[in-house]
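Have a look at the structure below, then the notes.
Every chain is numbered from 1, with letters handed out A, B, ... down the list of sequences. Computation of the quantities below employed the complete heavy-atom set of this structure, encompassing side-chain atoms and omitting hydrogens, waters and symmetry-equivalent molecules. Computed from a predicted model, the values in this text were never measured in an experiment.
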2 protein chains.
Amino acid sequence: MARPRQFDEDRALDAAMRTFWEYGYEATSTQDLCTATGLGRSSIYNTFRSKRELFARSLARYLDTMAEAQDAVLEDASRPPAERVRALLDKIVADEFDHRPHGRSLGCLGVNSTVELAARDPEAARLLDRDAARRLRTLSAVIAAGQRDGSIASARGSDALARYVNAVIGGMRIAAQGGADRAAVQSVADTALGALIS
Amino acid sequence: MARPRQFDEDRALDAAMRTFWEYGYEATSTQDLCTATGLGRSSIYNTFRSKRELFARSLARYLDTMAEAQDAVLEDASRPPAERVRALLDKIVADEFDHRPHGRSLGCLGVNSTVELAARDPEAARLLDRDAARRLRTLSAVIAAGQRDGSIASARGSDALARYVNAVIGGMRIAAQGGADRAAVQSVADTALGALIS
DNA sequence: CAAGTTCTGAACCGATCAATACAAAACAAC
DNA sequence: GTTGTTTTGTATTGATCGGTTCAGAACTTG
């Protein structure tokens, strides 16, 4: 029995997330968040309590969305496991080179936040740890399946290979953010996959 | 015919560099820089003109120092080329896990700055581009030598393999910053090297 | 319509931001 | 020692930081 919100909380969260993604945590001011969301300061602080909590929710939302998309690719039963890993790497390339708001890759909010905050913000570190574990779990399972059906030839442990693929993905994102062109990043993906399948 | 500096400019620059390395550009205040260098504000602004220029010089110094160290490893004529690449990757692991000032890896100031600034600071982007080109040049030459002497078996182009190794290095640093343990990061290095030599 | 609750906008908080002004101190050259 | 220049510490600039306060508008409920 009170006045209802005039805005959609999820839409606001999404706008905030994109702002943190583009500028990072420190370089995003509360005024930037007001402008991006279209909300007043009161509405933001009333809803999200602080810049830090708004960031934590933005990051959690991003990681969840991305992990779901990754899982969808990796669990596509219509393809052999090795092809799913290839599709994942190709998706990273597409992510980095499509939809560039200002002609430059924004990279990955997970990677960006690892660099900016993991060492000094325990909650961010916790979210990132959980996300890494989740993605490694899916990746490892798919790679193990690929080793069983022969589409992945490497004899290394599937956990180690999963960490390897995950690290290469991070490296591809850094390369793209550093200005590497699409062919260069794609060739990193191709080379990395070669280590798995042959 | 005037009063000489009471401080060593290089030592001050080094202290500033370490501060930017640990906290990033945005999260480092000019007061932090005064404390770290032991200088007053006047001395800093008199010597380095602005926070931005001090950062640019810090980054340039870091990149130069690191690239020299990398070149030293890669151009060690006493080892076959493939072993030099292995030594480089092992050095990255050692860098990330030795000398951790607060129990966490600081990562690499080059990678950190790519994430934080490459998209929005043209001078930082220029320094990072030049550094990447330099490191890729050395890496590619060593890989090509390894392909000639047979220590590197991959038939891919040496430039593509150099970009690959460079991306893996970036991924290893992100993984370490994200909390991966030493064995995990070392296994990424081993797996990556496997793609080259076999 | 009246009562009760929540939301919203604007003004405002002390703190801190990067950067500057300025005068006194410190030194080199003569 | 005097002159001329630079450095240095302190005080201070206006702007912006993240966050709060508060009054009144807005809306649900009865």
Side-chain angles (χ1 to χ4, degrees), chain A residues 1-60 109 112-113 116-117 120-124, chain B residues 1-60 109 112-113 116-117 120-124:
Chain A
M1 46 173 164
R3 182 179 174 182
R5 292 244 160 82
Q6 283 184 335
F7 61 92
D8 180 331
E9 189 170 319
D10 277 353
R11 293 182 78 85
L13 189 53
D14 217 65
M17 185 258 276
R18 275 193 296 271
T19 310
F20 284 126
W21 192 358
E22 178 164 358
Y23 297 105
Y25 176 77
E26 294 288 350
T28 298
S29 70
T30 53
Q31 184 53 50
D32 292 334
L33 294 166
C34 291
T35 303
T37 58
L39 305 185
R41 314 179 75 69
S42 297
S43 300
I44 285 191
Y45 276 87
N46 201 34
T47 309
F48 302 106
R49 294 204 56 80
S50 71
K51 181 187 172 187
R52 206 172 197 78
E53 284 195 29
L54 176 51
F55 175 78
R57 287 194 50 184
S58 298
L59 178 58
L109 181 59
N112 298 359
S113 302
E116 189 182 3
L117 297 169
R120 110 181 101 95
D121 181 334
E123 183 172 11
Chain B
M1 45 171 163
R3 182 179 175 182
R5 292 245 160 82
Q6 283 183 335
F7 61 92
D8 180 331
E9 189 169 318
D10 277 352
R11 293 183 77 84
L13 190 52
D14 217 66
M17 184 258 276
R18 275 193 296 271
T19 309
F20 284 126
W21 192 357
E22 178 165 356
Y23 297 105
Y25 176 78
E26 294 288 350
T28 297
S29 69
T30 54
Q31 184 53 52
D32 292 334
L33 294 166
C34 290
T35 303
T37 58
L39 305 184
R41 315 180 75 70
S42 297
S43 300
I44 287 189
Y45 276 88
N46 201 34
T47 310
F48 302 105
R49 295 202 56 80
S50 71
K51 181 186 173 188
R52 205 173 197 78
E53 284 196 29
L54 175 51
F55 175 79
R57 287 195 49 184
S58 298
L59 177 59
L109 181 58
N112 298 359
S113 302
E116 189 181 4
L117 298 170
R120 110 182 101 94
D121 180 333
E123 183 173 10

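The structure places OG1 of B:Thr28 at 13.0 Å from CZ of B:Arg18, a figure rounded to the nearest 0.5 Å.
Side-chain contact between A:Arg57 and A:Met17 is absent, with no heavy-atom pair separated by less than 4.5 Å.
Dashed line: the shortest gap from a side-chain N or O of B:Arg3 to OP1 or OP2 of D:dT5 is not under 4.0 Å.
In terms of heavy-atom proximity, B:Tyr23 sits nearest to A:Arg120 at O-NH2, 3.6 Å. Taking both residues in full, the closest heavy atoms of A:Ala16 and A:Thr37 are given as N-CG2, 4.1 Å, listed atom of the first, atom of the second, then distance. Shortest non-hydrogen contact noted between A:Asp32 and A:Ala27 is OD2-O, 3.7 Å.
Of the residues in residues 8-34 of chain A, none lies under 4.0 Å from DNA chain C by heavy-atom distance. For the contact set between residues 39-50 of chain B and DNA chain D, defined by any heavy atom under 4.0 Å, the members are B:Gly40, B:Arg41, B:Ser42, B:Ser43, B:Asn46.
As rounded to whole Å, 14 Å separates atom P of D:dG18 from atom CZ of A:Phe55. Atom CZ in A:Phe7 sits about 13 Å away from atom C1' in C:dG9, given to the nearest Å. As a whole-Å value, the separation of A:Arg52 CZ from D:dG19 P is 9 Å.
The aromatic rings of B:Phe55 and B:Tyr25 lie perpendicular to each other, with more than 60° between the two planes, well past the 30° mark.
The closest donor-acceptor contact from the side chain of B:Glu116 to the backbone of A:Gly24 lies at 3.5 Å or more, if one exists at all.
The side chain of A:Gln6 sits closest to C:dT8 out of C:dT8, D:dT7, D:dG19.
Few gaps surround CZ on B:Arg5; more than 12 heavy atoms of other groups in view lie less than 6.0 Å from it.
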